[in-house]
There are 2 protein chains.
Amino acid sequence: MTEAERVTASPAAAPIATDGAPRRRNPEDTKERLLDAAERLFADRGFEGASLRAVTQAAGTSVSAAHYHFGSKEALLVATIRRRTEPVIKARAAQLDALERRAGGAALPLEEVLEAFLRPIFAERARPDRGDDFRRIAARLFSDPPPIIAALKREVFGRTAARFLDALARALPDKPRQEIALDLQFLVGVMVHVTAGHLEDFPTPDGWPSLSGLPDEVVLDRMIQFVAAGLRAPARSHS
Amino acid sequence: MTEAERVTASPAAAPIATDGAPRRRNPEDTKERLLDAAERLFADRGFEGASLRAVTQAAGTSVSAAHYHFGSKEALLVATIRRRTEPVIKARAAQLDALERRAGGAALPLEEVLEAFLRPIFAERARPDRGDDFRRIAARLFSDPPPIIAALKREVFGRTAARFLDALARALPDKPRQEIALDLQFLVGVMVHVTAGHLEDFPTPDGWPSLSGLPDEVVLDRMIQFVAAGLRAPARSHS
DNA sequence: GTCTATAGTTGGATAGAC
DNA sequence: GTCTATCCAACTATAGAC
């Protein structure tokens with residue numbers, strides 16, 4: 001396959017739907033359309049795999065418009081990710097605040113701590129007003145090449161991790177702190193895998209019920225049960 | 001930052017260590033050196049982010065040598081991934097075979113099924129003879145752009161999933177099959193996250209013990225406890 | 001089997017008109 | 001603010017000498 005064939009074979013060069021006629025040249029929401037297109041293409045092809053030209057074409061603009069609004073391709077990526085992560089981080093903090101207020105000085109209920117961590121990301125995923133490709137953007141955040149991503153990742157994670165580690169420690173006072181930290185990483189693994197949409201990507205083998213149609217609420221529920229049980233599981237006394 | 005600065009700022013153009021003097025021109029292991037370099041650079045920068053030139057330079061060869069041995073950049077990626085996944089798939093099957101033989105017709109012990117699934121990937125990760133960057137290659141397999149990766153991913157997963165789903169069903173006879181399938185995805189999420197090396201990538205906040213020095217055996221042990229408890233957790237009767 | 005040299009594209013970024 | 005036109009560096013892949 002030649003390079004030209006490979007590129008044209010790749011789909012998704014379709015422009016972002018701008019509800020109705022192919023009207024162009026809206027003054028301010030060009031920025032928004034660029035973010036939508038970038039989100040979809042970065043998620044589909046990766047940062048280096050999605051050219052700025054492809055992104056701007058899908059957004060119905062030009063390369064220079066993107067440079068005008070964002071300054072560089074990297075900056076566009078950062079803006080794309082921040083648009084999604086900011087509301088999640090804030091919603092998590094808000095839910096945790098409410099939870100701690102309600103509990104007063106008492107131990108926090110584990111399942112509710114987990115829900116405060118997990119529900120916001122599902123909520124963001126399901127928002128219909130913005131492109132619905134939040135999906136793999138979260139997974140990319142975890143595995144895309146380092147340039148700025150590594151720093152972004154740590155910042156995003158760091159802003160939430162400390163609070164949730166403390167909350168988990170309050171929910172499970174007898175659990176060793178290192179085990180809490182390790183189990184939180186397991187939880188993050190589950191979250192990323194599900195958020196990234198891998199449930200839809202891996203068809204179950206013949207004879208097994210499909211997972212791709214499962215409502216978010218069912219998946220979220222089961223995640224909480226699964227992870228709560230894991231967190232409560234005592235360390236094995238060395239056999 | 002200019003493009004030139006960004007590129008030169010990026011490290012890891014160092015050649016693969018060929019134990020001792022910078023001896024070149026070994027007849028056959030050029031292929032091996034190319035795979036080592038490709039593994040490291042694809043893992044660090046992603047498939048599109050790591051140019052063939054960078055890979056061949058790190059391997060101490062030329063672009064055309066890579067084409068001679070593999071035919072294309074994509075084929076090199078596939079070979080890189082297969083070299084790691086093949087032994088894991090085979091080891092998993094072997095451990096499961098042994099387990100089923102030992103159990104006869106009886107129920108399989110859950111923890112041992114999980115160990116058959118998880119230990120081989122840790123073993124591969126720890127092999128010193130090949131470059132030690134198995135790490136993020138597994139994560140890439142799950143989130144890198146589609147060209148051939150999507151197909152590869154399904155093939156690799158499919159060859160193991162059916163057998164493990166059956167084994168889990170034999171270990172937990174009362175568990176609904178859809179719940180087993182869903183929980184297996186959670187397990188995969190944990191596995192990918194840990195294998196990808198994210199434990200080392202996310203420094204724990206101040207006041208929390210670091211995870212980066214943890215021996216593989218400790219992590220594997222805790223993973224099995226965590227996931228086993230999750231799998232055993234009963235579905236919540238809808239509140 | 002490995003090299004040098006080169007072909008032919010495509011990439012991000014910018015200048016300057018409007 | 002958005003466009004067209006252009007710069008030039010970097011890419012994959014191949015041809016052909018050795």
Side-chain angles (χ1 to χ4, degrees), chain A residues 1-10 13 15 18 22-35 37-38 41-42 45-80 145 147-148, chain B residues 1-10 13 15 18 22-35 37-38 41-42 45-80 145 147-148:
Chain A
M1 202 199 288
T2 69
E3 179 61 16
E5 284 170 331
R6 200 179 70 73
V7 166
T8 53
S10 210
T18 42
R23 153 180 59 90
R24 289 280 151 78
R25 213 65 40 82
N26 306 34
E28 173 49 26
D29 64 2
T30 295
K31 212 166 163 176
E32 211 66 22
R33 289 206 319 278
L34 275 168
L35 286 171
L41 290 177
F42 287 159
R45 307 181 188 175
F47 177 66
E48 325 260 358
S51 73
L52 199 50
R53 300 175 118 82
V55 170
T56 55
Q57 195 173 324
T61 355
S62 65
V63 176
S64 23
H67 273 96
Y68 173 80
H69 284 292
F70 298 98
S72 75
K73 192 189 180 190
E74 268 197 5
L76 173 58
L77 172 65
V78 172
T80 303
I148 16 64
Chain B
M1 200 197 288
T2 70
E3 179 61 16
E5 282 169 331
R6 201 180 69 74
V7 166
T8 53
S10 211
T18 42
R23 153 179 60 92
R24 288 283 151 77
R25 212 63 41 79
N26 306 32
E28 172 49 26
D29 63 1
T30 295
K31 212 167 163 174
E32 211 66 23
R33 288 205 319 277
L34 275 168
L35 286 171
L41 290 177
F42 287 159
R45 308 180 187 175
F47 176 65
E48 327 258 358
S51 73
L52 200 49
R53 301 174 114 81
V55 170
T56 54
Q57 195 172 324
T61 356
S62 65
V63 176
S64 22
H67 273 96
Y68 173 81
H69 284 292
F70 298 98
S72 76
K73 192 190 179 187
E74 269 197 4
L76 173 59
L77 172 65
V78 172
T80 303
I148 16 67

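Just so it is clear: chains get the letters A, B, ... in the order the sequence lines come, proteins before strands, and each one is counted from 1.
Map A:Ser62 and A:Arg53 each onto its nearest nucleotide of DNA chain D; the residue landing nearer the 5' end is A:Ser62.
In this entry the distance linking CG of A:Leu34 with C1' of C:dG12 reads 15 Å, nearest Å. Regarding A:Leu76, its CG atom lies at a distance of 14 Å from the C1' atom of C:dA13, rounded to whole Å. For A:Leu77 and C:dG12, the CG to C1' distance is 15 Å, given to the nearest whole Å. Taking atom CD of B:Glu74 as the reference point, atom C1' of D:dA13 lies 13 Å away to the nearest angstrom. One interatomic measurement links the two molecules: CD of B:Gln57 to C1' of C:dC3, which rounds to 15 Å at whole-angstrom precision. Rounded to whole angstrom, the span from the CG atom of A:Leu41 across to the P atom of C:dG12 amounts to 12 Å. Atom-to-atom, NE2 of A:His69 to P of C:dA13 comes out at 16 Å; the value is rounded to the nearest Å. Per the geometry, CG belonging to A:Leu52 stands 17 Å off C1' belonging to D:dC11, to the nearest Å.
Side-chain contact between B:Phe70 and B:Leu35: present, with at least one pair of heavy atoms (C-beta onward) separated by less than 4.5 Å. With a 4.5 Å cut-off on side-chain heavy atoms, A:Phe47 and B:Glu48 do not count as touching. When side chains are defined from C-beta on, A:Lys73 does not count as touching A:Leu76, because their heavy atoms never get closer than 4.5 Å.
Residue B:Leu77 holds its CG atom at 7.5 Å from CD of B:Glu74, rounded to the nearest 0.5 Å. In this structure, OH on A:Tyr68 lies 13.5 Å from OG1 on A:Thr61, to the nearest 0.5 angstrom.
Distance from the side chain of A:Lys73 is smallest to C:dG12 among D:dC3, C:dG1, C:dG12. Checking C:dC3, C:dA13, D:dA13 against the side-chain heavy atoms of B:Ser72 singles out D:dA13 as nearest.
The phosphate of C:dG11 has OP1 or OP2 within less than 4.0 Å of a side-chain N or O from A:Ser51. Look at A:Tyr68 and you'll find a side-chain N or O under 4.0 angstrom from OP1 or OP2 of D:dG1.
Annotation for B:Ala37 and B:Val55: closest pair CB-O, 3.6 Å, computed over non-hydrogen atoms. The nearest pair of heavy atoms linking A:Arg45 to A:Ala54 is NH1-CB, 3.9 Å.
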Under 3.5 Å, N/O pairs linking protein and nucleotides 14-18 of chain C:
none

